[in-house]
Amino acid sequence: LRQSMVACAVAGGVIGWGSGIIWCEGREDLIFDPLGMRQSSGRPAYVIRFRAALGHLADSQTDALRTCSGKYLCLGQSPAGTTPTMTAAELITFGRAHLNGGVSVTGERWLSEQSIATMQTATAQIPSSSPAVTTAMGLGWMLGRHNASGLRYVAHSGGTNGQCAHLRLFPEYNACFAVLLNRSKPDALTAMISQLTEVVTDIKLDTGPGASAADIDPAALARYEGHYQSYAGDYRISLNGSGLTGTFDDAVDEEDRFSFSLVPLQDGCFEQRNANNASMGLVYFSEQDKLQRPQRFFAGARLYQRVNR
């Protein structure tokens, strides 16, 4: 899997070039306005028009909250999702249009049924953060299936600047929910998603890793040490007496760092645990070089590349 944010930005440029307008205008003309999303924006100049929540970061030692840097992300990456802001209600409005086969809440055709179906068709399998779920990638959507119940969902998550969000659709139930948090706390988001899924579908998701630690020679773990990087930030992983541990530094807020440990489950697959030993899901190493060192690290639905040779 390679999720290219550059490719998303280029695609947005192509749409703008083909329609004769800039991407921000295109998003408004093609998405926000037809769906009646009046409190949604992707322009810096519009921020003061609406009430907005600033992201918060937690101190790694005391858990005390502080506001994030407030940096406005690059407009050049706007087609990849860096700048849109909206209310939870309008995120639901967007989700309902997809549930309704491309028809807005006013009954007007927005997208064709074929376009909606294509977006929700798997194009590639992706590693799952839990063995309880099988995941794939559609066009812009993450597609999931709960293995035990067969429950199918369509979703997308995002996180930046001390914030995280999630939109999840259940086509068979004609239902969806949205979660917006102005604090960077993925474990809280995961818990809320599980609880809301149960409320909507009466199905309890067992999304914990549910696997025992593997007995792997510590010497064999040395090949996983390294510096892995993507546009989102930097993972630095090292081996010490307690096993594999590491830190993550956010690319936007330099002070947003968290520590973690990696518990081996099988070759290339680990459970990531935070400083409180709570599970953060499964992560994966792949694409070994001649020295058997992995060149890719997959965590949080993002792919990181080894940068130290």
Side-chain angles (χ1 to χ4, degrees), residues 1-3 58 60-61 124-137 142 144-148 157 159 164 184-191 193-194 205-251 256-309:
L1 170 70
R2 285 184 173 80
Q3 179 181 345
S60 59
Q61 301 298 323
Q125 295 298 124
I126 59 175
S128 173
S129 61
S130 166
V133 176
T134 300
T135 53
M137 189 75 193
M142 302 293 182
R145 181 183 179 277
H146 186 235
N147 298 329
S157 295
C164 48
S184 179
K185 194 170 184 180
D187 54 338
L189 180 63
T190 299
I193 290 170
S194 296
L205 297 183
D206 177 16
T207 56
S212 301
D215 185 14
I216 298 179
D217 183 356
L221 296 176
R223 63 194 180 97
Y224 297 108
E225 288 186 291
H227 178 191
Y228 301 85
Q229 185 179 69
S230 81
Y231 72 93
D234 297 79
Y235 275 97
R236 292 176 173 85
I237 299 171
S238 58
L239 179 64
N240 53 43
S242 59
L244 286 173
T245 60
T247 58
F248 175 76
D249 294 288
D250 190 271
D256 186 11
R257 164 180 283 197
F258 66 81
S259 302
F260 60 89
S261 60
L262 295 178
V263 178
L265 301 181
Q266 59 186 24
D267 188 31
C269 177
F270 293 75
E271 180 186 2
Q272 185 179 23
R273 295 181 181 175
N274 63 19
N276 297 321
N277 205 35
S279 176
M280 301 174 67
L282 304 185
V283 296
Y284 303 83
F285 294 87
S286 62
E287 299 186 34
Q288 299 178 2
D289 63 10
K290 294 180 179 179
L291 300 177
Q292 301 301 306
R293 298 181 309 171
Q295 300 302 296
R296 303 286 186 269
F297 178 61
F298 187 85
R302 289 172 174 154
L303 192 63
Y304 298 78
Q305 179 174 330
R306 180 188 288 270
V307 294
N308 62 317
R309 300 299 176 183

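Just so we're clear, the structure is a prediction, and the values are computed from it rather than from any experiment. Numbering starts at 1 and runs along the sequence shown.
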Chemist: How close do Arg296 and Leu303 get, counting heavy atoms only, and between which atoms?
Modeler: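 So the minimum-distance heavy-atom pair works out to CB-CD1, 3.9 Å.
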Chemist: To the closest 0.5 Å, what do you measure between CZ (Phe298) and OG (Ser129)?
Modeler: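 Separation between the atoms: 8.5 Å.
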Chemist: So among Phe285, Phe270, Phe248, which one has a ring pair (Phe, Tyr, Trp, His ring centres under 6.0 Å) with Phe297?
Modeler: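 Of the listed residues Phe285, Phe270, Phe248, the ring pair (Phe, Tyr, Trp, His ring centres under 6.0 Å) partner of Phe297 is Phe285.
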Chemist: State the OG-CG distance between Ser130 and Leu205, to the nearest 0.5 angstrom.
Modeler: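 Reported value, rounded in 0.5 Å steps: 9.0 Å.
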Chemist: Indicate yes or no: does Asp267 engage Arg223 in a salt bridge with an N to O separation below 4.0 Å.
Modeler: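 Yes, charged N to carboxylate O under 4.0 Å.
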Chemist: Distance-only, no hydrogens or angles: does the Gln125 side chain make a donor-acceptor pair with backbone N or O of Thr135 under 3.5 Å?
Modeler: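 Flag set: sc Gln125 to bb Thr135 pair under 3.5 Å.
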Chemist: Say whether, by atom type as modelled, one donor and one acceptor occur between the side chain of Gln295 and the main chain of Arg293 under 3.5 angstrom.
Modeler: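 Checking the backbone N and O of Arg293 against the side chain of Gln295, a donor-acceptor pair under 3.5 Å is found.
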Chemist: Quick one: closest heavy-atom pair of Gly144 and Val133, and the distance?
Modeler: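 Heavy atoms only, the tightest pair is CA-CG1, 4.5 Å.
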Chemist: Enter the distance from Ser238:OG to Leu221:CG here, rounded to the nearest 0.5 Å.
Modeler: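 If we round to the nearest 0.5 Å, Ser238:OG and Leu221:CG are 11.5 Å apart.
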Chemist: Heavy atoms, side chains only, cut-off 4.5 Å: are Pro127 and Leu282 in contact?
Modeler: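 Result no, sub-4.5 Å side-chain heavy-atom pair not found.
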Chemist: Determine whether a donor-acceptor pair (N or O, by modelled atom type, separation under 3.5 Å) exists between the side chain of Arg306 and the backbone of Glu225.
Modeler: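 Yes; at least one donor-acceptor contact below 3.5 Å.
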Chemist: What is the minimum heavy-atom distance between Tyr304 and Ser230, and which atoms define it?
Modeler: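 Smallest interatomic distance, heavy atoms only, reads CE2-OG, 3.1 Å.
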Chemist: Check the orientation of Phe260 and Tyr235. Use parallel for under 30°, tilted for 30 to 60°, and perpendicular for over 60°.
Modeler: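 Rings of Phe260 and Tyr235: perpendicular, over 60°.
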Chemist: Do any N or O atoms from the side chain of Asp250 and from the backbone of Gly233 form a donor-acceptor pair under 3.5 angstrom?
Modeler: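 Checking the backbone N and O of Gly233 against the side chain of Asp250, no donor-acceptor pair under 3.5 Å is found.
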Chemist: Would you give the length of the straight line joining atom CZ of Arg273 to atom CG of Asn276, rounded to the nearest 0.5 angstrom?
Modeler: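 Taking CZ in Arg273 and CG in Asn276, the distance rounds to 12.5 Å.
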Chemist: Shortest non-hydrogen contact from Pro131 to Asn147?
Modeler: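 Here Pro131 and Asn147 meet closest at O-ND2, 3.0 Å.
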Chemist: Quick check for you: to the nearest 0.5 Å, what is the distance between Tyr228 atom OH and Ile237 atom CD1?
Modeler: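 One gets 5.5 Å once the value is rounded to the nearest 0.5 Å.
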